[in-house]
Amino acid sequence: MFALIDCNNFYASCERVFNPNLNGQPVVVLSNNDGCVIARSNEAKALGIPMGAPAFKIKELLRQHNIHVFSSNYALYGDISARVMNILGNYSPELEVYSIDEIFLKLEGFDLFDLTEYGLKMIEVVKRSTGIPISVGIAPTKSMAKVANKIAKKFPARTRGAYVIQTPDQIEKGLKWTQIGDVWGIGRQYAKKLQNIQVFNAWQFTNLPDEYVRKEMSVVGLRLKRDLSGEPTLDLEEVAKKKNIAVTRSFERMYTDFEDIRERIATYAGKVSYKLRKQNSCCKLAYIFLHTNVHRDDLAQYHNGITVQMPYETNSSLVITKAVMTGLKRIYKEGYHYKKAGIIVMGLTPDTQKQLTFFYNEDPRHKALMQTIDKLNQNCFDQVKLGAQDLKKVWKMQQNHLSRRYSTRLTEVIEVKV
DNA sequence: TCTGGGGTCCTAGGACCC
DNA sequence: TCTGGGGTCCTAGGACCC
């Protein structure tokens with residue numbers, strides 16, 4: 001059996017942990033630059049706040065209903081997530097942290113357990129230890145556990161947040177209840193295609209011929225069909241090192257000057273290099289892209305990207321920044337209003353397995369330099385930068401509703417008034 | 001004025017090898 | 001008239017996830 005545990009309205013719930021006045025109140029969390037709604041409490045959902053709604057378009061709605069608005073606070077969410085996962089890891093030796101708010105547990109040898117009780121226990125302990133509400137779905141396969149989790153969340157009164165799918169009858173009922181578009185692995189395109197052939201729920205999907213599924217949805221679809229039919233096909237996946245790492249951001253306003261963009265790109269290059277070093281990887285390639293504002297059809301549009309090669313596998317900010325800059329010069333065109341840019345590093349290798357080249361290799365001093373810079377920045381809040389970066393830091397991300405980093409900064413911990 | 005930021009896997013087709 | 005059979009690697013694009 002597999003369990004899927006998922007935090008309810010995770011970001012909104014994190015905000016509530018340190019601000020209990022928000023319980024029962026509608027809460028939304030916004031994306032970077034306070035752009036769109038990316039998380040909603042149940043109350044906010046009930047008021048009709050759509051996922052992904054641009055904040056400026058629903059300003060009036062937010063005000064009218066006294067909805068509490070937060071900028072995203074990833075320092076807080078990441079830390080709370082780690083605490084929740086840590087606790088849930090006690091419930092099975094085999095686990096897969098699937099996302100910031102989801103974890104799969106493999107429950108092998110739990111035949112003598114009352115799994116519903118086991119799930120309820122998790123809910124209680126996580127709530128008591130972290131303040132975060134979770135839902136638990138348990139079933140014979142991963143994709144079914146997803147279904148069970150959805151049922152648990154949909155019927156809190158009946159399930160108390162934990163639901164087990166096990167008997168053939170429960171399986172059939174659960175799958176028939178699940179609309180095709182809500183199936184894990186079936187997105188918009190496939191849902192449309194399936195509805196066209198009169199497949200409206202998960203049960204009907206499992207009854208399709210293998211050949212059709214294979215042809216229209218590739219082996220990925222076929223694996224899903226098997227798994228959803230009760231044949232365990234999707235297993236826990238190891239938390240592998242990332243194969244790509246990206247830093248991409250929208251600018252808080254549009255930029256036209258090369259100098260401004262150059263500075264921002266240098267900062268992204270520094271960030272992405274740091275991420276590489278954190279997972280002990282080096283990169284061979286970097287893709288850099290530049291976009292104008294897609295929402296301004298009154299302005300000329302220009303999108304372009306380019307892949308640049310590193311002279312050797314590296315995670316040195318100096319080398320990566322330099323390579324990225326040559327790419328930027330080739331794709332930047334004057335006369336456009338740029339709104340977004342990003343860097344994706346690819347072809348990652350562990351830095352212990354670097355392929356050395358005969359003539360050119362990294363200056364060995366870079367490694368020591370990077371280690372020193374990383375260490376300094378950990379203690380001194382990112383004050384050591386390359387000359388090409390934002391030394392003056394004239395730009396600032398819109399974060400007008402940011403809560404404190406309650407659990408990771410000593411200066412921002414909660415105060416108790418006597 | 002204002003519209004997020006990450007990831008994964010698979011397939012087809014082209015270029016190349018013997 | 002008629003032109004083999006087996007591979008690999010890479011990339012772009014399309015689907016999906018949170």
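Convention: sequence-line order gives letters A, B, ...; per-chain numbering from 1.
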Do A:Glu252 and A:Lys396 meet the salt-bridge criterion of a basic N to acidic O distance under 4.0 Å? no
Using Watson-Crick pairs (N1 to N3, plus N6-O4 or O6-N4) and G-U wobble pairs, both distances under 3.5 Å, which stems of at least 3 pairs involve DNA chain B? B:5-18 with C:5-18
Please identify each residue that fulfils ring-ring contact (aromatic ring centres under 6.0 Å, His included) with A:Phe104, with sequence neighbours left out. A:Tyr98, A:Trp184
Determine all donor-acceptor pairs shorter than 3.5 Å in which one atom belongs to a side chain in residues 57-65 of chain A; sequence neighbours excluded.
from: A:Glu60; atom 1: OE2; to: A:Arg63; atom 2: NH2; distance (Å): 2.6
from: A:His65; atom 1: ND1; to: A:Leu61; atom 2: O; distance (Å): 3.2

In whole angstrom, what separates A:Phe70's CZ from B:dG4's C1'? 19 Å
Would you indicate which nucleotide in B:dG7, B:dC10, C:dC17 comes nearest to any side-chain atom of A:Lys242? B:dG7
So, OP1 or OP2 of B:dG6: does either fall under 4.0 Å of a side-chain N or O from A:Arg249? yes
Could you list all the ring pair (Phe, Tyr, Trp, His ring centres under 6.0 Å) pairs where at least one residue sits in residues 16-42 of chain A, not counting sequence neighbours? A:Phe18-A:Tyr406
Between A:Tyr190 (OH) and C:dG14 (P), how many Å, whole number? 12 Å
Protein-nucleotide distance (A:Asn73, atom CG; B:dG4, atom P), rounded to Å: 19 Å
Please classify the nucleic acid contact of A:Leu30 as base, sugar-phosphate, or nothing, using heavy-atom distances under 4.0 Å. nothing
Taking the inter-plane angle between the rings of A:Phe289 and A:His291 on a 0 to 90° scale, is it parallel (under 30°), tilted (30 to 60°) or perpendicular (over 60°)? tilted
Do the charged groups of A:Asp210 and A:Lys225 touch, with an N to O distance under 4.0 Å? yes
Counting only side-chain N and O atoms of A:Lys243, is one of them less than 4.0 Å from OP1 or OP2 of B:dC9? yes
Parallel, tilted or perpendicular, judged at 30° and 60°: which one describes the rings of A:Tyr336 and A:Tyr302? parallel
Which residue, A:Gly35 or A:Ala246, contacts DNA chain B at a nucleotide closer to its 5' end, judged by nearest heavy atom? A:Gly35
Relative to each other, are the rings of A:Tyr77 and A:Tyr11 parallel, tilted or perpendicular (30° and 60° limits)? parallel
Does a salt bridge link A:Asp6 with A:Lys153, judged by any charged N lying under 4.0 Å from a carboxylate O? yes
Determine, for A:Lys215 against A:Glu211, whether the closest basic-nitrogen to carboxylate-oxygen distance falls under 4.0 angstrom. no
To the nearest Å, how far apart are A:Tyr74 OH and C:dC18 P? 15 Å
Let's see if you get this right: which residues in residues 282-307 of chain A place a heavy atom under 4.0 Å from DNA chain C? none
Output yes when at least one side-chain N/O atom of A:Lys146 is less than 4.0 Å from OP1 or OP2 of C:dC18, else no. yes
The criterion is ring-ring contact (aromatic ring centres under 6.0 Å, His included); which residues satisfy it with A:Phe258, sequence neighbours excluded? A:Tyr332
Expressed in angstrom and rounded to an integer, what is the separation of A:Tyr77 atom OH from B:dG4 atom P? 17 Å
Sequence-distant partners of A:Tyr287, ring-ring contact (aromatic ring centres under 6.0 Å, His included), two or more places apart: none
Would you say the ring centers of A:His68 and A:Phe70 fall short of 6.0 Å from each other? no
Is there a side-chain contact between A:Thr248 and the phosphate of B:dG6, meaning an N or O under 4.0 Å from OP1 or OP2? yes
Table please: side-chain donor-acceptor pairs of residues 235-242 of chain A below 3.5 Å, with sequence neighbours left out.
from: A:Asp235; atom 1: OD1; to: A:Lys106; atom 2: NZ; distance (Å): 3.1
from: A:Asp235; atom 1: OD2; to: A:Lys106; atom 2: NZ; distance (Å): 3.4
from: A:Lys241; atom 1: NZ; to: A:Gln279; atom 2: O; distance (Å): 3.0

Distances for protein N or O near nucleotides 11-13 of chain B N or O, under 3.5 Å:
from: B:dT11; atom 1: OP1; to: A:Arg214; atom 2: NH2; distance (Å): 2.9

Within the structure shown, what part of the strands sits under 4.0 Å from A:Lys275 by heavy-atom distance: base, sugar-phosphate, or nothing? sugar-phosphate
Counting only heavy atoms and a strict 4.0 angstrom limit, can you tell me which residues of residues 334-347 of chain A come near DNA chain B? A:Lys339, A:Lys340
Where along residues 96-106 of chain A does a heavy atom fall under 4.0 Å from DNA chain B? none
Looking at A:Asn33, I'd like to know whether one of its side-chain N or O atoms comes within less than 4.0 Å of OP1 or OP2 on B:dT3. no
One thing to verify: whether A:Glu102 and A:Lys146 come together as a salt bridge, which I'm taking to mean a side-chain N less than 4.0 angstrom from a carboxylate O. yes
Send over the distance from A:Glu252 CD to B:dC2 P, rounded to a whole Å. 11 Å
Rounded to the Å, how far apart are A:Ile38 CD1 and B:dC2 C1'? 16 Å
CE of A:Met217 versus C1' of C:dC16: gap in Å, rounded? 10 Å
Closest to the 5' end of DNA chain B, once A:Val247 and A:Met254 are matched to their nearest nucleotides, is A:Met254
Please table the atom pairs, donor to acceptor, closer than 3.5 Å between any side-chain atom in residues 320-327 of chain A and protein atoms at least two apart or in another chain.
from: A:Thr321; atom 1: OG1; to: A:Ser317; atom 2: O; distance (Å): 2.5
from: A:Thr326; atom 1: OG1; to: A:Ala323; atom 2: O; distance (Å): 2.6

Please determine if A:Arg83 and A:Asp79 form a salt bridge, counting it only when a charged side-chain N lies under 4.0 Å from a carboxylate O. yes
